[in-house]
Peer 1: 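The structure's right below; bear with me while I get my questions together.
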Amino acid sequence: MERGFDEAKCRQLAGSLLARYDREGRDLPWRRTRDPYRIWLAEIMLQQTGVKTVLAYYARFLERFPTIQSLAAAELEAVLSIWQGLGYYRRARHLHATARQVSDELGGRFPETCEAMGRLPGIGPSTAGAILAIAFGQHQAILDGNVKRVLARLLALETPPDAPAGKRILWEQARRLTPRERPGDYAQAIMDLGATVCSPRRPACPSCPWQGDCAACRLGRPDLYPVRLARMPKPRKYQFQALVTRPDGRVLLLPNRDATLLGGLWHPPGDEPGGSPTPPEAQIVRRHLAEAFGIDVATPLPLEAVTHTFTHFHLTVFPFLCSWQAGEPPEASGGRWIDWRLDRHTPLATLHRKVLARLG
DNA sequence: AAAACGGGGTG
DNA sequence: CACCCAGTTTT
């Protein structure tokens, strides 16, 4: 299974890929710089989202935080406010932590070895390789989702790329194929190929510089690769959330201080997600607000349910409109009354924007 | 409604 | 190495 291409063939493959990239590669903002800060930021954003979505966030982020020092100096909440809607918020926290580490402990410069780079929060083997190759011109391989797909097809790999054996094989082949000349352009070129030509569903094999050497294409079924691991179905969970509104329209929101769970973002009060698929009685919601926050509301009014899919489960939220009558949240809860439509400083996850939108 | 995509962290 | 991470987009 470890078979691959000999050295001469690898050089030829890299050459034809680079030629395609030079001719037809997309012109993207992070390809117009060698600033490690800008390349790092792009790689982190691209871990989780397509190019189209990242473009808008990337421009806004750099406008607000043009240097790693400005990012390091910012409050986490300001970073999350720019990041909100992109999802996977832990990566924004890692981004902030790495900015502080590089700025405060490393003299503002990214480390230039794979080991040191990989110790920074949010940077693993593939992202480390990408930054080292693209920003510093080092001979380093990458193995992101695009590269996994391209190489799995090139080799007609029968092992799932996400299985330990598949990863080992693909990392080895990725290293063999990475040229000593222009390793950074090669990294961009193979990601570009995977995103545009060797796409997940309908690869455009006639446009591919590797068509003549691709085992999956020769078999006539490039779509059968990469072989997927079976996935566990996502469980469904349910919870209520109380939209406690003041006469002036402001809503009670609470900060999430749990470092691992949407840390730093805000949400309406509610119960823990659980297994019961029916909305609670209004009096349950009312009692929850009284007991947890000492807040008295008029009879909660059920609103249309909101469904949202997360990484590992589907969630249905039963929102309740609760008109505030008396009481203030205890200091320790950190609760704030927020005009969520106008507020620019209170970061919310997409789910909670959807729930608040039920207020009309 | 279901499937596919996605890379790093943690113990 | 197995499991986890408060999503999005396509079909």
Side-chain angles (χ1 to χ4, degrees), chain A residues 40 42-54 56-57 80 83-95 97-98 114 117-131 141-150 152 160-168 170-171 174 187 191 194-195 198-203 223-239 241 254-268 270-274 306-317 347-355:
Chain A
W40 163 63
E43 290 302 322
I44 299 298
M45 284 186 168
L46 288 164
Q47 282 173 359
Q48 51 200 3
T49 319
V51 164
K52 190 163 167 271
T53 309
V54 165
Y57 279 89
L80 287 167
W83 197 272
Q84 63 183 328
L86 252 187
Y88 294 97
Y89 299 94
R90 187 164 61 164
R91 298 185 187 188
R93 294 197 300 279
H94 285 153
L95 196 78
T98 285
C114 225
M117 185 80 82
R119 277 197 296 273
L120 294 171
I123 299 182
S126 186
T127 303
I131 299 169
I142 64 166
L143 189 63
D144 76 344
N146 287 312
V147 180
K148 283 178 187 167
R149 184 170 58 254
V150 170
D162 294 320
K167 269 187 195 151
R168 193 172 46 73
L170 288 178
W171 267 113
M191 288 191 281
C198 196
S199 58
R201 306 307 174 97
R202 297 163 171 263
D223 56 302
L224 294 184
Y225 300 90
V227 174
R228 292 289 162 207
L229 281 172
R231 267 165 221 248
M232 292 297 285
K234 294 181 181 185
R236 284 180 187 284
K237 298 187 186 182
Y238 306 84
Q239 72 177 148
Q241 291 192 342
L254 304 169
N256 197 338
R257 288 167 168 149
D258 184 333
T260 64
L261 210 71
L262 273 189
L265 283 87
W266 294 68
H267 58 86
D271 64 347
E272 292 297 315
V306 172
T307 61
H308 194 73
T309 301
F310 288 113
T311 313
H312 286 87
F313 61 95
H314 303 285
L315 180 63
T316 298
V317 174
L348 295 166
T350 302
L351 162 68
H352 299 126
R353 292 215 172 267
K354 279 159 70 172
V355 171

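Quick caveat, the model's predicted, so the values are computed rather than measured. Chain naming here is simple, since letters A, B, ... match the order of the sequence lines and numbering starts at 1 in each.
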Peer 1: Measure from the side-chain heavy atoms of T53(A) and tell me the nearest of dG8(B), dG7(C), dT9(C).
Peer 2: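 Among dG8(B), dG7(C), dT9(C), the one nearest the side chain of T53(A) is dT9(C).
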Peer 1: So do L351(A) and H267(A) actually touch side chain to side chain, heavy atoms under 4.5 Å?
Peer 2: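 Of all side-chain heavy-atom pairs linking L351(A) with H267(A), none is under 4.5 Å.
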Peer 1: Report which part of the nucleic acid P121(A) touches: base, sugar-phosphate, or nothing (heavy-atom distance under 4.0 Å, all strands).
Peer 2: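 Counting heavy atoms under 4.0 Å across all strands, the contact made by P121(A) is with sugar-phosphate only.
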Peer 1: If you assign T311(A) and A165(A) each to the DNA chain C nucleotide with the nearest heavy atom, which residue ends up on the more 5' nucleotide?
Peer 2: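 Taking each residue's closest nucleotide, the earlier one in sequence belongs to A165(A).
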Peer 1: To the nearest Å, how far apart are M45(A) CE and dG8(B) P?
Peer 2: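 Going from CE in M45(A) over to P in dG8(B) covers 16 Å.
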Peer 1: Taking atom P of dT9(C) as reference, at what distance in whole Å does atom CG of L46(A) sit?
Peer 2: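 Rounded to whole Å, this separation is 14 Å.
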Peer 1: If the cut-off is 4.0 Å, is R149(A) near the phosphate of dG6(B), judged by side-chain N/O to OP1 or OP2?
Peer 2: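 For R149(A), the contact criterion (side-chain N or O under 4.0 Å from OP1 or OP2 of dG6(B)) is met.
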Peer 1: Looking at dG6(B), dG7(B), dA4(B), which one has an atom nearest to any side-chain atom of T127(A)?
Peer 2: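 Side chain of T127(A) sits closest to dG7(B).
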Peer 1: I need the CG-P distance between L143(A) and dG6(B), as an integer number of Å.
Peer 2: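 Rounded to the whole Å, the gap is 12 Å.
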Peer 1: Grab the NZ-C1' distance between K234(A) and dA6(C) for me, whole Å please.
Peer 2: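 In whole Å, dA6(C) C1' and K234(A) NZ are 11 Å from each other.
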Peer 1: With a 3.5 Å cut-off and just heavy-atom distances, do the side chain of R90(A) and the base of dG9(B) make a donor-acceptor pair?
Peer 2: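 Answer is no: no donor-acceptor pair is held.
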Peer 1: What is the distance from NZ of K237(A) to P of dC4(C), rounded to the nearest Å?
Peer 2: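 K237(A) atom NZ is separated from dC4(C) atom P by 10 Å.
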Peer 1: Considering only dG9(B), dA2(C), dA6(C), which nucleotide approaches the side chain of H94(A) most closely?
Peer 2: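 Per side-chain heavy atoms of H94(A), the pick is dG9(B).
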Peer 1: With a 3.5 Å cut-off and just heavy-atom distances, do the side chain of K167(A) and the base of dG7(B) make a donor-acceptor pair?
Peer 2: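 No, the side chain and the base share no sub-3.5 Å donor-acceptor pair.
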Peer 1: Would you find a donor on one side and an acceptor on the other, under 3.5 Å apart, between the side chain of T307(A) and the backbone of T316(A)?
Peer 2: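 Checking the backbone N and O of T316(A) against the side chain of T307(A), no donor-acceptor pair under 3.5 Å is found.
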Peer 1: Whole-Å distance between dT8(C) P and L315(A) CG?
Peer 2: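 Nearest whole value for this atom pair: 13 Å.
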Peer 1: Would E43(A) and I123(A) count as a side-chain contact (heavy atoms from CB on, under 4.5 Å) if you check the C-alpha gap in whole Å, the side-chain angles of each, and the deciding distance to 0.1 Å?
Peer 2: CA-CA 9 Å; E43(A) 290 302 322; I123(A) 299 182; over 6 Å; no
Peer 1: If I pick the P atom on dA6(C) and the same atom on dA4(B), what distance separates them, to the nearest angstrom?
Peer 2: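 Pairwise P distance, dA4(B) against dA6(C), rounds to 24 Å.
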Peer 1: Which value, rounded to the nearest 0.5 Å, describes the distance between W40(A) atom CH2 and M117(A) atom CE?
Peer 2: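 Between W40(A) CH2 and M117(A) CE, I get 10.5 Å after rounding to 0.5 Å.
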Peer 1: Regarding E272(A), tell me which of base, sugar-phosphate or nothing describes its non-hydrogen contacts under 4.0 Å with the strands shown.
Peer 2: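 The residue E272(A) makes no contact with any strand.
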Peer 1: Just to be sure I understand the rule, does R228(A) reach a base, reach only the sugar-phosphate, or reach nothing, if contact means heavy atoms closer than 4.0 Å?
Peer 2: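 Touches sugar-phosphate only.
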Peer 1: If you check the R236(A) side chain, which of dA4(B), dA2(B), dA6(C) turns out closest?
Peer 2: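 Of the options given, the side chain of R236(A) lies nearest dA2(B).
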Peer 1: Nearest to the P164(A) side chain among dG7(C), dG7(B), dA2(C), which nucleotide is it?
Peer 2: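 From the listed options, dA2(C) comes nearest.
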Peer 1: Counting any heavy atom closer than 4.0 Å, what does T49(A) reach on the DNA or RNA strands: base, sugar-phosphate only, or nothing?
Peer 2: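 No contact.
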Peer 1: What is the distance, to the nearest angstrom, from the CZ atom on F313(A) to the P atom on dA2(B)?
Peer 2: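 Roughly 17 Å, once rounded to whole Å.
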Peer 1: Hey, does L229(A) reach any base, or is it just sugar-phosphate, or nothing, if we go heavy atoms under 4.0 Å?
Peer 2: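 Counting heavy atoms under 4.0 Å across all strands, no contact is made by L229(A).
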Peer 1: Counting only distance, no hydrogens or angles, is the base of dG7(B) paired donor-acceptor with the side chain of Y88(A) under 3.5 Å?
Peer 2: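 Check fails, no donor-acceptor contact within cut-off.
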Peer 1: Which class fits the ring pair F313(A) and F310(A): parallel under 30°, tilted 30 to 60°, perpendicular over 60°?
Peer 2: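 F313(A) and F310(A): tilted rings.
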Peer 1: Would you kindly give the NZ-to-P distance between K52(A) and dT9(C), to the nearest whole Å?
Peer 2: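 Value for this atom pair: 8 Å.
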